[in-house]
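Take a look at the structure set out below.
Chain naming here is simple, since letters A, B, ... match the order of the sequence lines and numbering starts at 1 in each.
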Amino acid sequence: MDLEFTEQEQEFRREARAWLTANVPAERLPSMDTREGFEAHRAWERKLFDARWAVVSWPREYGGREAGLTEWLIFEEEYYRAGAPGRVSQNGIFLFAPTLFEFGTREQQDRYLPAMAAGEEIWVQGWSEPEAGSDLANVRSRAERDEERGGWRLSGQKIWSSRGTWGHRLFGLFRTDPQAQRHRGLTYFMVDLAAEGVTVRPIPQLDGEPGFAEVFLDDVFVPDADVLGGVDEGWKIMIATTGSERGLNLRSPGRFAAPANRLIELYKRDPRPAERDAVVRAWMDADAYRLFTFGTVTKLQAGGAIGADSSINKVFWSEMDVELHATALRLLGEAGELDDGDGGWLDGFLFALGGPIYAGTNEIQRNTIAERILGLPRAK
Amino acid sequence: MDLEFTEQEQEFRREARAWLTANVPAERLPSMDTREGFEAHRAWERKLFDARWAVVSWPREYGGREAGLTEWLIFEEEYYRAGAPGRVSQNGIFLFAPTLFEFGTREQQDRYLPAMAAGEEIWVQGWSEPEAGSDLANVRSRAERDEERGGWRLSGQKIWSSRGTWGHRLFGLFRTDPQAQRHRGLTYFMVDLAAEGVTVRPIPQLDGEPGFAEVFLDDVFVPDADVLGGVDEGWKIMIATTGSERGLNLRSPGRFAAPANRLIELYKRDPRPAERDAVVRAWMDADAYRLFTFGTVTKLQAGGAIGADSSINKVFWSEMDVELHATALRLLGEAGELDDGDGGWLDGFLFALGGPIYAGTNEIQRNTIAERILGLPRAK
Amino acid sequence: MRLAYTEDQELFRDTVRDFLADRCTTADVRAAWAADTAISARWVELAKVGVTGIVVPEEHDGLGMGDEELAAVLVEAGRAALPEPLLESAVAAGLFAEFAPDAGWLAEIAAGRAAASVLLPGQRLAVEAAAADVLVIGLADGDLHVATPADCVLTAQRSVDRSRKLFTVDFTPTARTLVASDTQRALARAADRGALGAAAQLLGLTRRMLDTTVEYAKQRVQRGVPIGSHQSVQHHLANVLIKLEFARPVVLRAAYSLARDLPSAARDVSMAKIYAGEAADLAARNCLQVHGAIGYTEEHDLHLFMKRAWALGTAWGDAGVHRDRIAADLLGDAPAPPTPAF
Amino acid sequence: MRLAYTEDQELFRDTVRDFLADRCTTADVRAAWAADTAISARWVELAKVGVTGIVVPEEHDGLGMGDEELAAVLVEAGRAALPEPLLESAVAAGLFAEFAPDAGWLAEIAAGRAAASVLLPGQRLAVEAAAADVLVIGLADGDLHVATPADCVLTAQRSVDRSRKLFTVDFTPTARTLVASDTQRALARAADRGALGAAAQLLGLTRRMLDTTVEYAKQRVQRGVPIGSHQSVQHHLANVLIKLEFARPVVLRAAYSLARDLPSAARDVSMAKIYAGEAADLAARNCLQVHGAIGYTEEHDLHLFMKRAWALGTAWGDAGVHRDRIAADLLGDAPAPPTPAF
């Protein structure tokens, strides 16, 4: 066992910390789900990109530092520790990019990755559909062949598309073979949201801002160049991406260590002994999550895979995040129901409540744990 | 609303308290699931009976006081408050007697009720079978007609029969119509455990004592006089009894108020602030249970029925009971793993763990609540 | 022994329920979100049903009832997420009746011509302080003041529930505003009425969230089956019902105790606030989870009830505050504070 | 950065696992229940595999390893519910190595010719005090004594886990038994080793209860389907696995910290004890529930593991004690006690 960081890793940490200290905006940016906040967050992404901190684990040619997993963990710790803004490009750089790296052509990568990393193009996920719920194999949106123009005409409806209100491009599955059942006959498309036939209806979230949207597609032309991977092979490709969504990338330990430490400070400022154990619990859980992630990184570095373990991870962090923020609101006493500006505890609480729902509800995750890890018979 | 007791009720309370104070044994009796303890508990039942405190809600002719529900609650509060012994006749007087009163003939009542109330005959439940689990409609034990002798010959196997090791008589369902499916074709029998063909195999419980038993019946003759209600009408009759088991009778509020108050004393003797909230919670839950029961009694006195509400009741008390005792063990610190003699917390904990399992697991109770009270579609 | 409302009380409650089902729809609640004040034309109508004057003595045109009836009606207010300061006006009315019965406010409130806001010792936030006609302010030293918004510097605060128009109050007491001194006991009782009223509303909110979600779970079909047939959904909702059914008698008992000023009243109220708050918290959590993404939007009505539940769980003393009070009473490990600190 | 055992450590652990699978069956554990002492012929065999001498220095015929290897092996001991005082002997060995390396006990323990019991400041119960060859007793004033059972008046106590032969110890310290003074720091470290060892065993117990119950849930058919296909059963067991998987790295880190005497070692150990204890508690609760009545009997093996889990959850400082220690460290609301009070 070795829980120390190497001198090189520590130097990486110092460099990241120095840059963040000097550059993180002193005041919280407006919500990224407002027009103004969206632009402010894009500008921040640009700044990160210019200093080569936007996508540390990517290849240098696309703006990264080729950082390993440990360095990535360190960067994330420093990022959240510094109270830096949320990542408006998150769906692109964390969720979609791994797929593009694995299944995209060189041309597609060159075309999309730099703009994504620089915050120029914000990507939007197109997974859920109103009738399909969390069951992606039920996708009904379809793509019809347009030989003449060399592409496809897409029609249908996507929902719960994060960043959909202001974002630029959507990635998602469409049914290219109407005869095929369930997860067969689906193709992975990249769609320009400015294209003719696209209508975006913003949906206000719990915090009142249109953080996600419904996207209607009516005969939207997408050229062959924007098909990712092979036609009818979308399911296989999608699995890789949802693996990322549920796995390591979206929720780095730094994401929870930072608020856990802020919670300790909040408690110390005005101790309420009745909440002491909840505060300790929140800090311990964030710490346990960090250690769990260390274990996962160790496994990955030894050539192992995450697989269904990501379900264990997702249930834990999403429930911890809700409890952590609920504890903070209780510590605030009477003020717990108020927007607390820079404190951001209420916003954080509302945001956290989405955790047990999205990327596969925790109920489905628990079924997955039972069936795929414990080997229990399939639930009916 | 009126949460006061009448002068008459208060007088009843004083009388009960005075008698219990004078008569409850100073030392805890040995476990009723040992031979010695079983007899000691029977002797105690006899003493209760002689003073007309064994079955306060029964008619005077069978040894009762015709107490109403409120008086019954009062008696139970005083009974547990006094730290009086557990009721070895419980399965008979609380679980089976309501059925016997409702469906038995006058002869059956005269024959069995007085001996039951006096602790002379201890009754044993014969519900579960090894393969049927909690699904009583799956009963496989069968009764074949014996016209010649005027009765039935019973064969099969019952399991988890509380008090089965030392008890005298068993009540339960047997299949009289082998053609009938599920809950049809079942008949309610009373079986003398001393009869030829009965084998009792004691099963040690978590506490090491044979609190329940497996009962094997091999061609056991039961005369027609010991059929309760009509042939093939056992299911309907059984429903009434399980209603009692899950409902008001088995778990009076006094059953929890007494240990909750003892828990407060335990905390005060050696306060562990980390357990303060759990102690307060246990006391509050016991108090809430008392109020809930008051609500139920109010409803019953107005002519209402309990019905599926008993599932709400059962989940609450059984989980409260486990938490209450677990809290006590934590308060005991290092000694929490020890048999603590008169304290009885460890025994109480082990006993409480059965609560969420028996009389319909809490999982099944929650399904019942969802389906029968909330009206959700049947789980598959 | 009888733990239930009387037939008369139930009749009154049912009348209010019917009125609110008609006149306080979720569209009306949304209107309150958008407006500067939640006090609308409905206030006079509520007065006509008797609701604003429940605890106003009969000689001042009220119903002359007490905490039991107030709690019964506030359950309905919770069910409808009624945004008006009904509880605050009732708390104020209690103090008026005791210390300033002839100041004229009692009849105004009973008639729906006035609404009151209130600020008790330890509280920093006053509901509808700007739009209220009168503010009743109790100070920690026991002085009781009656002021108007014009006497105060008010700073608006944004509640998670935007229909709650909250303000911090900067108030300089004067001889003109002072109506009584040494009112600590009455102020503590007023705080208990507030906590009881919040608990009652939390019960109604829980019921509403549960009912809404049960309907959804019956109708929403995924993979060919209604989601309500999944055991996980069934257990989520069964757990809410269990919490609710055990909170109900606790709130009822608190109303009974407070109405009679029993020695246990403060403890009983604290327990009611805790139990109702926990039921509502669990309802919000589980009902959101059962709804999934649709429940996470402001387009769906669920959030109106969740946010009210969170706000009222915090207001009038949260669970920690009330648990401390009960612990002090039961375990004697600290002197029981006479009034919940907020 | 690498949070995992080395290949060598895993190899050793696997050897012990195989040994225990063969030589510590549930029949063997039941035999320990029935006997006066749980120390059996297996003790020498354990010594041959190296297990009794893990932390005994090599010059005294031990393996000269530390807390990491000890924890790895104790996970296996937990999985098998090994009843021998392996942890107690290791804690004693640590103290011998520091204060009485030449008293001869180290080699005796490593060879399996002796087993030790231990009583640290604050503890009232000693495991196997009567059958042990030697008792190491630390007093609150920092004096360290080495005694034999004959030096003490022992009173047997009945643990819920009858394979744990517990005694209260009435011991009069003498100059003959005294081996060192001012050992407070070492005694605190010894208590931390005990807590870590309990945590490790709790992990193994959790895994065993879970595995046993998963098998049962696959095989037990009710109403035509395996009970493991019910969502409620799936979620009960998934919740246990989640607790276990998050407790594992916490215990691993504690072993790492304690092995290196890092400044955070005490806090890390406390966290390990809490997490492993909670995992085992939940496993006991949920696995019993999934088994139903059959799990409630002493005929079924489940109870052997549940009872050990309850006992070890309490021993070496329960969750409340360790939470206090972490709170003191994190929140500074009280001076951190150097050693868990039991």
Side-chain angles (χ1 to χ4, degrees), chain A residues 1-6 9 68-71 73-74 260-261 263-264 267-268 271 273 276-277 279-281 283-285 287-299 301-302 309 311-316 319-320 362-363 365-371 373-380, chain D residues 1-6 9 68 210-211 213-215 217-218 225-257 259-260 262 267-268 270-272 274-275 319-320 323-324 326-333:
Chain A
M1 250 185 303
D2 175 13
L3 302 183
E4 304 289 307
F5 294 105
T6 64
E9 286 161 350
L69 274 170
T70 307
E71 282 176 328
L73 285 177
I74 289 170
N261 285 320
L263 190 68
I264 299 272
Y267 180 90
K268 282 180 168 173
R276 188 201 73 160
D277 283 356
V279 170
V280 170
R281 163 68 46 185
W283 185 89
M284 291 195 302
D285 275 354
D287 193 42
Y289 185 74
R290 183 166 183 260
L291 294 169
F292 182 89
T293 308
F294 283 4
T296 305
V297 166
T298 301
K299 203 165 156 188
Q301 284 175 335
D309 287 4
S311 293
I312 294 177
N313 189 11
K314 198 254 164 168
V315 170
F316 188 87
E319 298 183 354
M320 154 176 76
N362 284 10
E363 288 73 26
Q365 303 291 356
R366 287 187 163 92
N367 289 3
T368 301
I369 293 166
E371 294 165 13
I373 306 181
L374 295 177
L376 289 170
R378 234 183 117 68
K380 272 162 318 237
Chain D
M1 197 278 300
R2 189 168 181 285
L3 186 71
Y5 287 121
T6 63
Q9 288 171 331
E68 287 185 19
L210 181 59
D211 289 346
T213 310
V214 165
E215 274 317 299
K218 283 183 194 173
V225 298
I227 61 171
S229 67
H230 294 303
Q231 221 182 9
S232 62
V233 169
Q234 295 201 339
H235 289 196
H236 276 332
L237 298 179
N239 287 338
V240 174
L241 185 66
I242 293 167
K243 279 274 189 196
L244 174 62
E245 290 299 323
F246 275 86
R248 274 201 313 126
V250 171
V251 174
L252 216 52
R253 189 263 307 264
Y256 173 89
S257 301
R260 285 159 188 77
L262 298 186
R267 189 179 76 193
D268 294 345
S270 281
M271 194 168 144
I274 292 170
Y275 275 63
R323 218 160 46 222
D324 284 350
I326 297 173
D329 187 61
L330 284 181
L331 306 173
D333 61 358

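- Interatomic distance, Arg2(D) CZ to Asp2(A) CG, rounded to the nearest 0.5 Å: 9.0 Å.
- In plain terms, the two heavy atoms of Ala370(A) and Ala238(D) that are nearest each other are N-CB, 4.5 Å.
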Subject >> side-chain contact (heavy atoms from CB on, under 4.5 Å) between Met271(D) and Trp283(A), intermediate numbers included >> reply: CA-CA 11 Å; Met271(D) 194 168 144; Trp283(A) 185 89; 4.3 Å; yes
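- How far OG of Ser270(D) is from CE of Met284(A): 9.5 Å, rounded to the nearest 0.5 Å.
- Ranked by heavy-atom pairs shorter than 4.5 Å toward chain D, the options Asp309(A), Thr70(A), Thr6(A), Asp285(A) are led by Asp285(A).
- When each of Ile326(D), Asn239(D), Thr6(D), Ile274(D) is scored by its heavy-atom pairs under 4.5 Å with chain A, the top score falls to Asn239(D).
- To the nearest 0.5 Å, atoms CE (Met1(A)) and CD (Glu68(D)) are separated by 3.5 Å.
- The ring pair (Phe, Tyr, Trp, His ring centres under 6.0 Å) test applied to Tyr275(D) returns no partner, not counting sequence neighbours.
- Annotation: ring pair (Phe, Tyr, Trp, His ring centres under 6.0 Å) contacts of Tyr5(D) (sequence neighbours excluded): none.
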**OP:** Evaluate the criterion side-chain contact (heavy atoms from CB on, under 4.5 Å) for residue pair Leu330(D) and Val279(A); output intermediate values, then yes/no.
**Re:** CA-CA 10 Å; Leu330(D) 284 181; Val279(A) 170; over 6 Å; no
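- Atoms CG and CZ, from Leu252(D) and Phe292(A) in turn, are 13.0 Å apart once rounded to the nearest 0.5 Å.
- A distance-only check finds a donor-acceptor pair linking the side chain of Thr298(A) to the backbone of Leu3(D) [under 3.5 Å].
- Comparing Val315(A), Val280(A), Asp277(A) by heavy-atom pairs within less than 4.5 Å of chain D, the highest count is held by Asp277(A).
- Between Met1(D) atom CE and Gln301(A) atom CD the span is 6.0 Å, to the nearest 0.5 Å.
- Options Ala288(A), Pro273(A), Ala302(A) differ in how many heavy-atom pairs under 4.5 Å they form with chain D, and the most are formed by Ala288(A).
- Arg267(D) and Asp287(A) are not joined by a salt bridge, as no carboxylate oxygen comes within less than 4.0 angstrom of a charged side-chain nitrogen.
- Taken to the nearest 0.5 Å, the CZ atom of Arg276(A) stands 7.5 Å off from the CG atom of Leu331(D).
- The backbone N or O of His235(D) lies less than 3.5 Å from no partner atom in the side chain of Glu363(A), so there is not a single donor-acceptor pair.
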